[in-house]
Amino acid sequence: MTTHSSVDEGNLAPETITSLRGGDPARRRPYRFQAASWWWPIPSLVLVLAFVYVAFASGAFLSFTDWQGLGSFNMVGLDNFLRFFHDPQAIATLGRTLLVAAEFLVANNLLGLGFALGLNRTLKTRHFLRTIVFLPVVLSPLAVSYVWLFIFDQKGPVNGLLKFVGLGSWAKAWLGDPTWALWCVVIVLVWQHIGLTMAIYLAGLAGIPPEIEEAAAIDGAGIWNRLAHVTLPLLQPTIVVASTLLLVRGLSIFDQVLALTGGGPFGATETLATLVYTTTFTNGEFGYGASISLLLTILVAVFAVVQYVLLNGRKRQP
Amino acid sequence: MTQQKTAGLRALVAGIGVAAAACSALSGCSAPASPSSSDPNAPVTLTAAIQSQDSGKKYYSELFDQIHQMHPNITIQIVEYPSDQLGTVTTTQLAAGNGPDIIYGSPGTGNTNALGLYAKKGYLLDLASQPWATASIPESSKPLFYSGDALFGLPVDTVAVPLTVNKTAYDKLGLTIPKTYSDLLANCTKARDAGTALINIPGAFPANAAFSALEIAASRVYSENPNWDQDRASGKTTFEGTKGWIDTFRVIQEMYKKGCMQDGAEGAGGPQIFQSVASGQTLGMFGPSAVSSGLMAADAKNSYTFTAFPGDSESQTYVFASPSDAFAINAKTKHKDAALQVLEAMTTKEVRDSFAQNAGNVSLESTLNGAATTDTFKEISSLITDPKKSGPLPSFSWPNGNVYSKLGSGVQGLLTGQVTPEDLAKQLDAAWAGK
Amino acid sequence: MFKYTGKTLTREILIFAIGIVLMIPFFFLVNIAFKSNADALVSPAIAPPNPITGESFATAFAGQDTRSIPLGALNSAIITSGTLLVLISLGSITAYALDRLTGRLRGLMYGIFFLAVLLPTQLGVVPLYVAMRSVGLTGTHLGMIVLYSAQLMPLAVFLYSGFVRAVPREYEQAAQIDGAGKFKTFSRVIFPLLAPATGTVAIMCGLICWNDFFNALIFLSGTPTATLPVVVYGFVSTSLTNWNVVFASVVLAMAPALVFYLLAQKRFMQGFAGGIKS
């Protein structure tokens, strides 16, 4: 944060500057008065405990059973988990899930932040363009996947375009290609989430007073300099929020994948989340499905916490 | 923060508040009243869960309308679920101790919406003591409707799973219905020369891709051993150890290489099947007769006919035709007598005939009592009325839904070269064992 | 400052071009929605409708039996707005309290909410259905509002937290010096300052709620309370699906959500940026 000295902070109270940078005076200086009552979080806490934790706990319990969705069940200990780790296809699915989530996270952050920065101000048509970028988010995720079936079809527009520009030999059945199908799925998922990522970053950018950037610009900092040393550091909390949400989403999306490829060709686009769905609801193996779901949850939790600590940690050492 | 903004915010919150108040008022009065009475003619409303109907062909609605006319005091309220979700919702509701009075599903245990899965756990009413019910199950299909000694459901029609061909396009190209597999391969070449393909295979739509594998297996596995499924269940045979299955998978690969399927069959999706066949890009498709009937109704410009997928020799040719649109009664129904009356009405000749007609399937009257089939079934009627040349769809009696899904995705894997016939057979055996 | 220059024009044109690419799927959606049944059956997806007809919209709007788009839209609107009311009122105050409170319990409660963001809701759906059924909450608006509020509360608290942290404490100190109580300070001073967060919560959670298919299917389908996604998916039939009708219903279902987004964007997205001269 070497450019800090170049920012004209003269007009702003020092406290404001510190908090705008994401710093937190309260952590350093104890408060003399209470801002909130201790019981304010209780109603929502009760709601979350009752509907999220109790439901999760009963689901997690099922992962140690052979329940089939109806009637009684037997306790089977760790059998379900052993079965998962002894299945080479399941292990491959685990790796694929991480790959999809990583691609999803990186592509969305780059594109979403790019659109947010590009559309934050100045452009005459920015409100219109924001709406355009956001539009895919508004669509029902399941229904929109069907539109993509028409686009990736052998006789569809993607191949039509390739033939038109003389690349007819590249034409293929995209969703049936073991290499390309996964990329097609990622493209659709990213397409559906750019708008959301952009919205989160726009809200974050809205919280940055333009004076700070203006001051940096007056001092001669170029666009990239301003981005790297002023905007991005100030966006730190937003980056944490966006990345955490995208990671959780990326690891657990399943309905679009099911509608697009059904996990095919021959399992090439199967992820843990689709595996949970098909195991539980198509094959009726609720016990085994619950155990895969529990593994997925542990995966999500570990990655989210690690990412959170990494992203937040950087902030603490300016 | 300006005054204006705060005002806007408050207006929004207030608006949401009004909507929420309206909500609690609405949910308060949406609780239905359920009258209970011992009078057999007292009006009663039953609920029936079915899979989503076409907007054009609402044969389930017509079925229940017809029954309502026979029993004016019984009103049946239909609840439609997307076909791939029917099993999920029904399972959840049954587990919670509610669910509809009358439940639609597949016979046996091999589908996600299979009634046998619910019956195994005691969630369906036993119909074994009702003579009209026991008499409505064809002998060859009995195992599909019994769980132990309990009869858990009954069929309303017979569904054939033929190869539907666009007869208009066949005639135009001078193609004839093939009698043997080598005739079919010759047709493939002719169709290719004319810039089209003989069969549409939706590789990316496992539920339908599996039908093609089953149809090809009919003449290669089941004409030789109609009891293959029982033998597999008792461990006498396996997919891997059955030459007919390996041959079936090789035929799929051969047909792909020889251009019998449309370009990009491995990635073709479900929605495009009908478009492809109706527009003449492909000349035929596999699928249950009711589905093909939908195509016939929607595309009046072409005439279609049902055919069997030929075996290596004509004598091997075998088709699947099974009593498969089935209904059962929730064991916890509060209106047991009325529900029984509804099911009994389904076993009358008029109801069977009109349901099969509306759905585009074969009437149970043909299967049980040898009545003539309708014109669409002309090409295969000698097969479906001959117990040696036809049998129920094998997947119904498979132990779980996983084997069938694996077969469907396996077809796609064969087309892309991700799996060999031998490996696929091994994986099907594993799925059978529940691994 | 930040004047419109030649570079800005290039940027505008570039983003416009990308925007058009992003819109391609909508072209197919709308293109197919305006075809007649017979046309949609045989013509390729890219071919223009011949003739252009609104009949699929009429079919979709008229619905059939238990599938009604207007009723589905009403149900979705009631459930979504009820959920948002709970999320915004409870979520904002919870996030605020979690940030400003001190002591050991604060960390514990924060952990509980943060961890819940990561927990899948599908895992416990059957036990939850059984439990909600026993207290008569299935198939009702109230039940869905309670369910969605609980499932989305961690997300709402999480989104608010990031913004609460950035609100300078001078504001609340000033308000309290002026004699305002804790709650009044929150509702009159802090809550309006959280407007961008409220906008984000309303948009994100609102859309999840509006488009949710899985929970709505399990908890509502077959009742008169069924929401739009359940109604729309109902048009995907078992055998021959009229995709023109499905897509027409998708367009119809999208319209209210789009209007909501436009309103929420205008009200909230600018948030702090209200004073910016662009």
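Here is how names work: the chains are called A, B, and so on, in the same order as the sequence lines, proteins then strands, and each is numbered from 1.
No side-chain donor-acceptor contact under 3.5 Å links A:Ser37 to the backbone of A:Trp39. In this structure, the side chain of C:Asp212 engages the main chain of C:Ala216 through a donor-acceptor pair within 3.5 Å. A donor-acceptor pair is defined here as one N or O able to donate and one able to accept, closer than 3.5 Å; such a pair exists between the side chain of C:Ser161 and the backbone of C:Val157. C:Asn211 places a side-chain N or O within donor-acceptor distance of the main-chain N or O of A:Val138, the cut-off being under 3.5 Å. A:Thr65 contributes no side-chain N or O that, together with a main-chain N or O of A:Phe61, makes up a donor-acceptor pair within less than 3.5 Å. Side-chain N or O atoms of A:Arg126 include none that pairs as donor or acceptor with a backbone N or O of A:Leu119 at under 3.5 Å. Of the possible polar contacts, none joining the A:Ser243 side chain to the A:Val240 backbone as a donor-acceptor pair under 3.5 Å is found. Between the side chain of A:Ser63 and the backbone N or O of A:Leu294, no donor-acceptor pair lies under 3.5 Å. With hydrogens and angles disregarded, a donor-acceptor distance shorter than 3.5 Å links the side chain of A:Tyr53 to the backbone of C:Ile112. Between the side chain of A:Gln236 and the main chain of A:Leu311, a donor-acceptor pair closer than 3.5 Å is present.
Of the two parts of C:Phe27, neither the backbone nor the side chain holds a non-hydrogen atom closer than 4.5 Å to a non-hydrogen atom of chain A. Contacts between A:Leu299 and chain C at a heavy-atom distance below 4.5 Å are absent for every atom of the residue. Using a 4.5 Å cut-off between heavy atoms, A:Phe303 makes no contact with chain C at all. Both the backbone and the side chain of C:Ser149 come within less than 4.5 Å of a heavy atom of chain A. Looking at C:Ile208, only its side chain comes within 4.5 Å of chain A, counting heavy atoms on both sides. Proximity to chain C is limited to the side chain of A:Leu196, based on heavy atoms less than 4.5 angstrom apart. Only the side chain of A:Leu49 comes within contact range of chain C, judged by heavy atoms closer than 4.5 Å. Of the atoms belonging to A:Ser252, not a single heavy atom falls under 4.5 Å from chain C. Of the two parts of A:Ile151, only the side chain, counted from C-beta on, holds a non-hydrogen atom closer than 4.5 Å to a non-hydrogen atom of chain C. For A:Val54, no part lies under 4.5 angstrom from a heavy atom of chain C. At a 4.5 Å heavy-atom cutoff, C:Val251 makes no contact with chain A through either its backbone or its side chain. Using a 4.5 Å cut-off between heavy atoms, A:Phe254 contacts chain C through its side chain alone, with no backbone atom that close. Of the two parts of A:Leu129, only the side chain, counted from C-beta on, holds a non-hydrogen atom closer than 4.5 Å to a non-hydrogen atom of chain C. If you measure heavy-atom distances from C:Ile18 to chain A, the contacts under 4.5 Å come from the side chain alone. Residue C:Leu105: no heavy atom, backbone or side chain, is found under 4.5 Å from chain A. For C:Phe183, the parts lying near chain A are the backbone and the side chain together; criterion is any non-hydrogen pair under 4.5 Å. The parts of A:Trp40 that come within reach of chain C are both its backbone and its side chain, each placing non-hydrogen atoms under 4.5 angstrom from that chain. Using a 4.5 Å cut-off between heavy atoms, A:Leu251 does not touch chain C at all.
Taking chain A as the reference chain and counting heavy-atom pairs below 4.5 Å, the highest number among C:Ala150, C:Gly19, C:Pro25, C:Ala175 is found for C:Pro25. Between chain A and the residues C:Trp210, C:Trp243, C:Phe114, the largest count of heavy-atom pairs under 4.5 Å involves C:Trp243. No other option in A:Leu135, A:Thr297, A:Val137 has as many heavy-atom pairs under 4.5 Å with chain C as A:Leu135. Annotation: maximal heavy-atom pairing with chain C below 4.5 Å, among A:Gly118, A:Ala273, A:Ala304, A:Gly289, occurs at A:Gly118. Heavy-atom pairs under 4.5 Å with chain C peak, among A:Val300, A:Val305, A:Thr125, A:Val248, at A:Thr125. Heavy-atom pairs under 4.5 Å with chain C peak, among A:Val147, A:Ile132, A:Leu123, at A:Leu123. Ranking C:Glu12, C:Arg11, C:Gln151 against chain A, the residue ahead of the rest is C:Glu12, based on heavy-atom pairs under 4.5 Å. Among A:Asp255, A:Val52, A:Ile42, A:Leu62, the residue with the largest count of heavy-atom pairs under 4.5 Å with chain C is A:Val52. Residue with the most contacts toward chain C among A:Ala290, A:Pro136, A:Pro43, A:Ser58: A:Pro136 (heavy-atom pairs, distance under 4.5 Å). Annotation: maximal heavy-atom pairing with chain A below 4.5 Å, among C:Ala116, C:Ala45, C:Pro44, C:Ala95, occurs at C:Ala116. Looking only at heavy-atom pairs under 4.5 Å with chain A, the residue among C:Thr8, C:Leu128, C:Leu119, C:Leu207 that has the most is C:Leu119. With chain A as the partner, the residue from C:Ile46, C:Leu90, C:Leu147, C:Leu87 showing the most heavy-atom pairs under 4.5 Å is C:Leu90.
Separation of atoms CE (C:Met254) and OG (C:Ser249) is listed at 12.0 Å; rounding is to 0.5 Å. Here the CG-CZ distance, from C:Leu118 to A:Phe56, works out to 10.0 Å after rounding to the nearest 0.5 Å.
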* To do: Kindly indicate, with the supporting measurements, whether the criterion salt bridge (Lys or Arg N to Asp or Glu O under 4.0 Å) is fulfilled by C:Arg100 and C:Glu172.
  => CA-CA 11 Å; C:Arg100 300 302 203 254; C:Glu172 62 213 53; 2.9 Å; yes
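Here the shortest heavy-atom pairing between C:Met153 and C:Phe113 reads CG-CE2, 4.1 Å.
Each of A:Phe152, A:Tyr146, A:Phe150 was evaluated against A:Trp148; a single residue qualifies, A:Phe152, per the ring-ring contact (aromatic ring centres under 6.0 Å, His included) test.
The aromatic ring centroids of C:Tyr160 and C:Tyr96 lie 6.0 Å or more from each other. The distance between the ring centers of C:Phe247 and C:Phe28 does not fall below 6.0 angstrom.
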